[in-house]
Amino acid sequence: MFIHITLPDGTRKQVPAGYSVRDALTATGERLDAKVLAAKVNGEPVDLSRPLNHDATIEPLTFESAEGREVYRHSSTHIMAQAVKEVFPTAQLTIGPALDEGFYYDFAFERPFTPEDLEKIEARAKEIMKRGLTVTRSELSKQDAIKFFQGRGEAYKVELIQGFDDQLPISLYSQGEFVDLCRGPHLPTTGHVGAFKLLSTGGAYWRGDERNPMLQRVYGTSFPTQKELDAHLAKLEEIKRRDHRKLGKELDLISTQDEIGPGLVLWHPKGSLIRLLIENFWREQHLKDGYELVYSPHVARLDLWKTSGHVDYYRENMFATMQIEGSEYQLKPMNCPFHIMIYKSHLRSYRDLPIRYGELGTVYRYERTGVLHGLLRVRGFTQDDAHLFCRPDQIETEVSRVLDFTFFILGTFGFTEFEVYLSTRPEKSVGSDENWTLATTALEAALKGRGVAYQVDPGEGVFYGPKIDIKIKDVLGRSWQCSTIQVDFNNPERFKLAYTGEDGKYHQPIMIHRALMGSIERFFGILIEHYAGAFPLWLAPVQVVVLTITDKQHECAARIVSELKGHGYRVEADVRNEKIGFKIREAEKNKIPYMLVVGEKEVQSGTVAVRGRSGANHGTMPIEGLLALLQTETNQVLRETATHSQTR
RNA sequence: GCUGGCGUAGCUCAAUCGGCAGAGCAGCGGUUUUGUAAACCGCAGGUUGGAGGUUCGAUUCCUCUCGCCAGCUCCA
């Protein structure tokens, strides 16, 4: 009996039934490309050794595809698990999946793995790769599989299998003495992994639940070649080099201090200046975009948060209340109730809507100590918050506006790639089906209307309404959650918000919560890493530094500084009794965009020698030339701003 | 919060077995007047995160506590 197979290029072949994928691919004498790791048969990833019994389309998988990499890393983690079992026979297997850039495996073991253990495991894993063991798949009934793993003392595997469907066979993969429960597929042999490295260890709860026992997780990664592995390791180094905690300290931008408390940030003058520039830009653009800016207090009566529902839904993340003159007050975890109260301060007409209140509002949230992280996760932070009050029929337009505005604001900071998620109704939620459908449809329509590609996150919405989350991609390709746009019908109800309609009757407005940068602290942390501390000219705390060769140029330097200051630039002069190399080194370390070297020659000719950050030589020019250079660079931001305003 | 690791000068790091706490950079004082990423000499800088304990003696060992780091969980 013969079957027909179809390849991605449209080629069709006839091969005997029972041929393996590999045989089918090479049936007409072709050589199997060494890069082929596994294959997708009728869309399902399978081993190359899988027998084919029916007509099928076959798509070979290589490391180039995400699915191919997953197979590769999955086999890599099996190799690591085998190494662990060989070196530490008492370790029990649990689970070990592939990740986007590597893999991990969780083991139940009596103690944490040490760096020395890691070396031993890695050495053994490499030896297993050299052995080139054939990886074979087998199937057992659920009962037999349980017996098999019980016999091997793998209690966690037994527990996993017990949760599986009784009817379906359980697949196992073995290589040498090592056998693991696994869906597969896998590489043909352990020799197919080229370059392999273990990276770190850490604790992880069994099934991710903190009530369960702590397992020992080992992270690693693998690539076909050492060169690719080295490139990946270099990227990890680059991430370390850009760490905002390190750069924030080195550049004297921010600090956190024990005496003040964890997750509470001090903004030093240079960090504050950058923040001021960001905030000024933010305010200007919001005013242009039809927002009204407001301020609200940092504490308020607890009753306010009872009304808003935060006491019921958010208490775990709130600081403790304080007793003032017999009533309870609460440090604010959110800005929305205040904006609502401004809305409520007088009657609103349908003609007033939409109303857009924006605030750089500082909130305080109690976060568990273990989650705090530099600027990215803190306990006191400022949200670039806004609340839009609108009629149901205005949701779509408002969301469209916000989308445009978001991409514009984030684009100004050099973020041009985004991941957009639409989160729909979760199980625990309030509100009518009509409202949920209305809001979700409006969000979807807005996304489609702006031509934004998005993914749906089912059930990931907030309890009070659906939302759009926007993640930005930084220069290293990492994604960061910043922007969120959330529809809310709960708070208008809780606070009894109303507007007078055309019909003279009261109607309930819809609220939209939105933040673009999310939190200024977090956004700043991301910016530091995105720019590696080398802020663009318009954000650099010091834009230009004048470096004198000898003290004969002091006067000239002072003149240049005052002239540039007159044009609004942030300039300093370094007239210390130091060699020019020393001054340049320091300016480089401070990542100052432009250095003006002024010596006898420049004084004579009335010019400056312009050196850009990282050594760029712009040559010698008169001050006017420099001003033109600076202006061109800052104007770029302004021009884009103007373009956005025109489209409004 | 949980598991593990780590807290020494402003910063980066030393200190053998429990035996006088040290270096580089930064700072300050001098010398040097210098041409594109570190001139030279000197001075000063510390209750070794905090509290308790063991010991003749603790940076070192033990207990507690605060903070940081990695991971888990959670999230702007």
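What you see is a predicted model; the values in this text were computed from it and never measured.
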*asked:* Test salt bridge (charged side-chain N to carboxylate O under 4.0 Å, His left out) on A/Glu600 and A/Lys552; report intermediate values, then the result.
replied: CA-CA 8 Å; A/Glu600 200 50 39; A/Lys552 286 193 188 113; 5.7 Å; no
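- Pairs engaging residues 521-537 of chain A under the salt bridge (Lys or Arg N to Asp or Glu O under 4.0 Å) rule: A/Arg275-A/Glu521, A/Arg478-A/Glu529 [sequence neighbours left out].
- Across the protein-nucleic acid pair, A/Leu198 atom CG and B/rA70 atom C1' stand 16 Å apart, rounded to whole Å.
- For the C1' atoms, the distance linking B/rC11 with B/rU3 amounts to 31 Å, nearest Å.
- A/His78 and A/His74 have perpendicular rings, their planes meeting at more than 60° on a 0 to 90° scale where under 30° would count as parallel.
- The separation of B/rU48 from B/rC6, taken at their C1' atoms, amounts to 14 Å, rounded to a whole angstrom.
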Please tabulate, one pair per line, each protein N/O and nucleotide N/O from nucleotides 44-48 of chain B that are separated by under 3.5 Å, including the distance.
none

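- Ring planes of A/Phe407 and A/Phe418: tilted class, angle from 30 to 60°.
- In this entry the distance linking CD1 of A/Ile592 with C1' of B/rU36 reads 14 Å, nearest Å.
- Nucleotides B/rC72 and B/rC56 are separated by 47 Å at their C1' atoms, to the nearest Å.
- In this structure, A/Asp551 reaches the bases: a heavy-atom distance under 4.0 Å links it to at least one base atom across the strands shown.
- With hydrogens and angles left out, the side-chain atoms of A/Tyr464 and A/Gln486 include a donor and acceptor closer than 3.5 Å.
- The interatomic distance linking A/Arg611 (CZ) with B/rU36 (P) rounds to 10 Å, in whole Å.
- Neither OP1 nor OP2 of B/rC25 sits under 4.0 Å from any side-chain N or O of A/Lys589.
- B/rG57 and B/rG52 are spaced 15 Å apart, taking the P atom of each and rounding to whole Å.
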_CA sep, side-chain torsions, deciding dist, call: A/Arg611, A/Glu588, salt bridge (charged side-chain N to carboxylate O under 4.0 Å, His left out)_ = CA-CA 10 Å; A/Arg611 184 190 201 275; A/Glu588 281 290 349; 2.3 Å; yes
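- Note on A/Glu578: a base of the nucleic acid sits closer than 4.0 angstrom, heavy atoms only.
- With 3.5 Å as the limit, one finds no donor-acceptor pair spanning the side chains of A/Thr321 and A/Gln330.
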_From CA spacing to verdict: side-chain hydrogen bond (donor to acceptor under 3.5 Å, both in side chains), A/Tyr219, A/Arg217_ = CA-CA 7 Å; A/Tyr219 285 94; A/Arg217 177 170 296 180; 3.1 Å; yes
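- Going from the C1' atom of B/rG46 to that of B/rA23 covers 14 Å, rounded to whole Å.
- With rounding to whole Å, A/Lys552 atom NZ is found 10 Å from B/rU33 atom P.
- Residue-to-nucleotide proximity on RNA chain B shows that, of A/Gly261 and A/Arg576, the 5′-proximal contact is made by A/Arg576.
- With sequence neighbours excluded, the residues satisfying side chain to side chain donor-acceptor pair (under 3.5 Å) with A/Lys157 are A/Tyr105, A/Asp180.
- Going from atom CZ of A/Phe109 over to atom P of B/rU3 covers 18 Å, rounded to whole Å.
- Atom P of B/rU73 sits at a distance of 40 Å from the matching atom of B/rU59, rounded to the whole Å.
- Using a 4.0 Å heavy-atom criterion, one finds that A/Ala609 contacts the bases of the nucleic acid, with or without backbone contacts as well.
- Note that A/Arg73 lies outside the cation-pi zone of A/Phe103, set by a 6.0 Å cut-off to the ring centre and a 45° limit from the axis.
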*asked:* Both atom distances under 3.5 Å, Watson-Crick or G-U wobble: I'd like the secondary structure of RNA chain B as a dot-bracket string, with | for pairs made across strands.
replied: (((((((..((((.....[..)))).(((((.......))))).....(((((..]....))))))))))))....
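- Taking atom P on both B/rU12 and B/rA51, the two are 23 Å apart, rounded to the nearest angstrom.
- In this entry the distance linking CD of A/Glu250 with P of B/rG10 reads 18 Å, nearest Å.
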*Applying side-chain hydrogen bond (donor to acceptor under 3.5 Å, both in side chains), run through A/Asp488 and A/Asn491 and close with a yes or a no.*
CA-CA 6 Å; A/Asp488 179 359; A/Asn491 269 304; 2.9 Å; yes
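- A/Phe389 pairs by the ring pair (Phe, Tyr, Trp, His ring centres under 6.0 Å) definition with A/Tyr343, A/Tyr357, not counting sequence neighbours.
- In this pair, A/His339 and A/His387 present their aromatic rings perpendicular. The plane angle is above 60°, beyond the 30 to 60° band.
- Following rounding to the nearest Å, A/Asp258 (CG) and B/rC68 (C1') show an atom-to-atom distance of 8 Å.
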*ring-ring contact (aromatic ring centres under 6.0 Å, His included) evaluation trace for A/Tyr314 with A/Trp305*: CA-CA 9 Å; A/Tyr314 208 70; A/Trp305 277 285; over 10 Å; no
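- Across all strands shown, A/Glu602 has heavy atoms under 4.0 Å from base atoms, whether or not it also approaches the sugar-phosphate.
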*asked:* For nucleotides 71-76 of chain B, give me one character per nucleotide, 5' to 3': B if any protein heavy atom sits under 4.0 Å from the base, S if the only such contacts are to the sugar-phosphate, - if neither.
replied: BBBBBB
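- We find that NZ of A/Lys249 is positioned 11 Å from C1' of B/rG7, with the value rounded to whole Å.
- Among the heavy atoms of the strands, none lies under 4.0 Å from A/Lys583.
- In this structure, A/Ile584 reaches the bases: a heavy-atom distance under 4.0 Å links it to at least one base atom across the strands shown.
- Comparing the same atom, P, in B/rA39 and in B/rC20 gives a spacing of 37 Å after rounding to whole Å.
- Between A/Arg245 and B/rC69, a side-chain N or O to OP1/OP2 separation shorter than 4.0 Å is present.
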